[in-house]
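Reading through the structure tokens given below for one structure.
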Protein chains: 2
Amino acid sequence: MATIKDVAKEAGVSVATVSRAMNSSGYVHEDTLKKINRAIETLKYKPNETARTLYKKQSKIIGLLLPDISNPFFTVVARGVEDAALERGFHVVIGNSDQNRDKERQYIDTFRLHNCVGLISSALVWEDVLQYIQSSKMLHVMLDRIGETEYSVEADHYKGGVLQAECLLDNGCKNILVINGNMKFSSFKHRLEGAIHTLEESGAVFETLELNSEGVGHALLDQIRYKAYDGIICYNDLIAIQVMGLLQHNGVNVPGDVQVVGYDDIQISASYFPSLTTVRQPSYLLGRLACEQLIDLLNGKQVRKEIKIDVSLVERKSTRSE
Amino acid sequence: MATIKDVAKEAGVSVATVSRAMNSSGYVHEDTLKKINRAIETLKYKPNETARTLYKKQSKIIGLLLPDISNPFFTVVARGVEDAALERGFHVVIGNSDQNRDKERQYIDTFRLHNCVGLISSALVWEDVLQYIQSSKMLHVMLDRIGETEYSVEADHYKGGVLQAECLLDNGCKNILVINGNMKFSSFKHRLEGAIHTLEESGAVFETLELNSEGVGHALLDQIRYKAYDGIICYNDLIAIQVMGLLQHNGVNVPGDVQVVGYDDIQISASYFPSLTTVRQPSYLLGRLACEQLIDLLNGKQVRKEIKIDVSLVERKSTRSE
DNA sequence: GTGAAAGCGCTAACAA
DNA sequence: TTGTTAGCGCTTTCAC
């Protein structure tokens, strides 16, 4: 692999001039520029990122820390980040924390050790890890966790929760189960608050149940039957689909007996039968915006510190709208 | 961030000794070792990966090139790779090619520029790109594309195709549609061959149809109705689920009117209603093995050049087994 | 056993 | 406008 020295020799100039030409920093005569470009061409030279990074103490890598890469919602977010990064000459390293503190730490370490310029995270990021990040020079943009760091991008989850509740209420549900996720995620917390507030105001009967991703089992089915819920609000589509599957496999009709509303609008929600009514988050956009915000920040541009994105209800067949 | 110099000063030795101690290369007295470890501890020193990489021309990064990160099958593969890598002190950078030649090239460039030690790829990797890889010092393990490179790990797709066909045949299907993917992927090709061979031998009536990921639309529905297929073989679960959804949304009963069999056994296939009969690929294992093979190779261990993994039929409710 | 010094490929003062 | 040189943090000969 050709180095800057080879290019310099080939072009008959010094390495400094080549460097200047490449980074368009400082003067370089038009003719020398041409010679250099020709040399670069013939040698197929590409500057060594590692050497650059070592000197500048800044790589062109952005770390992306996600809580669960198996969830299609996050893969779409990741694509948004990736596309925005690539367009601007940056690269993305994806880390999957599994909501596990050690994995989180480990990834932050990795990112630091590779001199990442910045970090986009949607994982929990524990207090101590957060401090650790701040002590590094990494810029940090939070996805879906407004308020806890300086910069963040998130969807309007309170509104999302309201939409979920209104949807079931409007379709005649009187006895609702709200399945919520880990309350340490503010995004889950806000959507729950929105739903509960709406439900309380309406005077409907409802209960809440905290569930982690693996938790949909027969106990839930028994409870649903015993309590005779006629509507279920789920904190994401993956759970909603599992719940619908459980119901259907046990002879409960959706939406006939029980109506179900999800959150995220992942791709499969539209193909599922019955197709899932859900709150749509612009996941790709979320990723893009977070990445753009980070890179703008890097370039010293003025950026909005907290970006909030709208969500909307997508009515499909898992609810009975008139 | 502390450097090796700081540690040396703190421990009262030279940087060379610290380096030797850290890499356990060359002699270092027990007492000095203790002093050094203490210094490392108090300074919370972590060696700078970039500097290491620059000198050794080898990073601890493994590139993983995937054709479609939205497909849950690949996220599970990625986790397998990641876990195996992390256990051995390596890191993984995921690239998403979208089956696009330019993106592929771009990622290979990225990997090279970051001095990746190796590459695991499940994407197409065009001929010219393949050459480009070979000209670098990167080791290369192929996932699911046996024969085209020296090292590979793949599931027994021919058998998988046979299992798909046998399953429908055994359940009484007489008129079968085989939906196959991009024939440039040998994994798709082999499963198609297995299915066709079995179907031909049985004397059943069947047709094939090549479909790309976005392709499930109403034209397909019309064709299914017109031809009155009673069984459909799909080249992966994502397509199978889309096909089932399309059928169900249009009043065609699965498995009553048409039986469907998928391939991969992604997570959602079990929750879907009806749950999907499919060929199970050990995706996590696939990723793990590929990564282990690569790292063994790096360490100069003897490895099997082509690893083949078994697949199995998972019978569920989208087919009518007696 | 240990340290001094060179060098990995690049950038950025500083001179010329 | 260009070249010389030091140095980013680390590893590794090669003396001592």
Side-chain angles (χ1 to χ4, degrees), chain A residues 1-37 39-40 43-61 89 109-117 136-137, chain B residues 1-37 39-40 43-61 89 109-117 136-137:
Chain A
M1 209 137 178
T3 73
I4 199 172
K5 255 186 178 168
D6 302 325
V7 177
K9 204 186 292 173
E10 174 82 17
V13 295
S14 76
V15 292
T17 311
V18 178
S19 176
R20 250 179 264 121
M22 299 216 23
N23 301 288
S24 34
S25 57
Y27 299 99
V28 48
H29 194 92
E30 215 175 293
D31 297 349
T32 19
L33 188 63
K34 265 183 205 147
K35 277 193 287 184
I36 290 172
N37 283 139
I40 288 177
L43 294 173
K44 293 200 201 328
Y45 169 73
K46 296 249 168 59
N48 181 322
E49 281 300 329
T50 309
R52 275 190 163 162
T53 301
L54 181 59
Y55 186 88
K56 308 247 251 172
K57 300 187 174 186
Q58 290 253 318
S59 73
K60 296 227 137 205
I61 297 177
D109 271 343
T110 307
F111 294 155
R112 279 187 84 167
L113 262 27
H114 285 93
N115 297 299
C116 284
V117 269
S136 76
K137 268 154 283 176
Chain B
M1 209 137 179
T3 74
I4 198 173
K5 254 187 180 167
D6 302 325
V7 177
K9 203 186 294 171
E10 175 81 17
V13 296
S14 77
V15 293
T17 310
V18 178
S19 176
R20 251 179 263 122
M22 298 217 23
N23 300 289
S24 33
S25 58
Y27 299 99
V28 48
H29 193 91
E30 215 176 292
D31 295 350
T32 21
L33 189 63
K34 263 183 206 149
K35 275 193 290 183
I36 290 172
N37 282 138
I40 289 178
L43 294 173
K44 293 201 200 332
Y45 169 72
K46 297 251 168 55
N48 181 322
E49 281 301 329
T50 309
R52 277 192 159 160
T53 300
L54 181 58
Y55 186 87
K56 309 247 247 171
K57 299 186 174 188
Q58 289 254 317
S59 73
K60 297 227 136 207
I61 296 177
D109 271 343
T110 306
F111 294 155
R112 278 188 85 166
L113 263 27
H114 285 93
N115 296 298
C116 285
V117 270
S136 76
K137 267 153 287 179

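Convention: sequence-line order gives letters A, B, ...; per-chain numbering from 1.
For the pair Asp6(B) (side chain) and Thr3(B) (backbone), a donor-acceptor distance under 3.5 Å is present.
Separating the CD1 atom of Ile40(B) from the P atom of dC10(D) is a distance of 10 Å, rounded to the nearest angstrom. Atom CD in Gln58(B) sits about 16 Å away from atom C1' in dT12(D), given to the nearest Å. Taking atom NZ on Lys35(B) and atom P on dG1(C), their separation rounds to 14 Å, with Å as the unit. The CD1 atom of Ile36(B) sits 10 Å away from the C1' atom of dT2(C) (whole-angstrom rounding). Atom pair Asp6(A):CG and dC8(C):P shows a separation of 11 Å (rounding to whole Å applied). Look at NE2 on His114(A): it is 14 Å from C1' on dC10(D), rounded to the nearest Å.
Under 3.5 Å, the side chains of Thr17(B) and Ser14(B) contain a donor-acceptor pair of N or O atoms. A donor atom on one side chain and an acceptor atom on the other are not found under 3.5 Å apart for Asn115(B) and Thr53(B).
Inter-residue side-chain proximity for Arg52(A) and Asn23(A) is flagged as met; some heavy-atom pair is nearer than 4.5 Å. Within the 4.5 Å cutoff, no side-chain heavy atoms of Phe111(B) are placed close to those of Ile61(B).
As judged by a 4.0 angstrom heavy-atom cut-off over every strand, Thr53(A) is placed among residues making no nucleic acid contact.
For the OP1/OP2 pair of dG3(D) and a distance below 4.0 Å, the side-chain nitrogens and oxygens of Thr17(A) include at least one atom meeting the criterion.
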Per-nucleotide protein contact string for nucleotides 9-16 of chain C, where B marks a base within reach and S marks sugar-phosphate only (heavy atoms under 4.0 Å, - for neither): BSBB----
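A side-chain contact (heavy atoms from CB on, under 4.5 Å) with Arg112(B) is found for exactly one of Lys46(A), Glu49(A), Met1(A), namely Met1(A).
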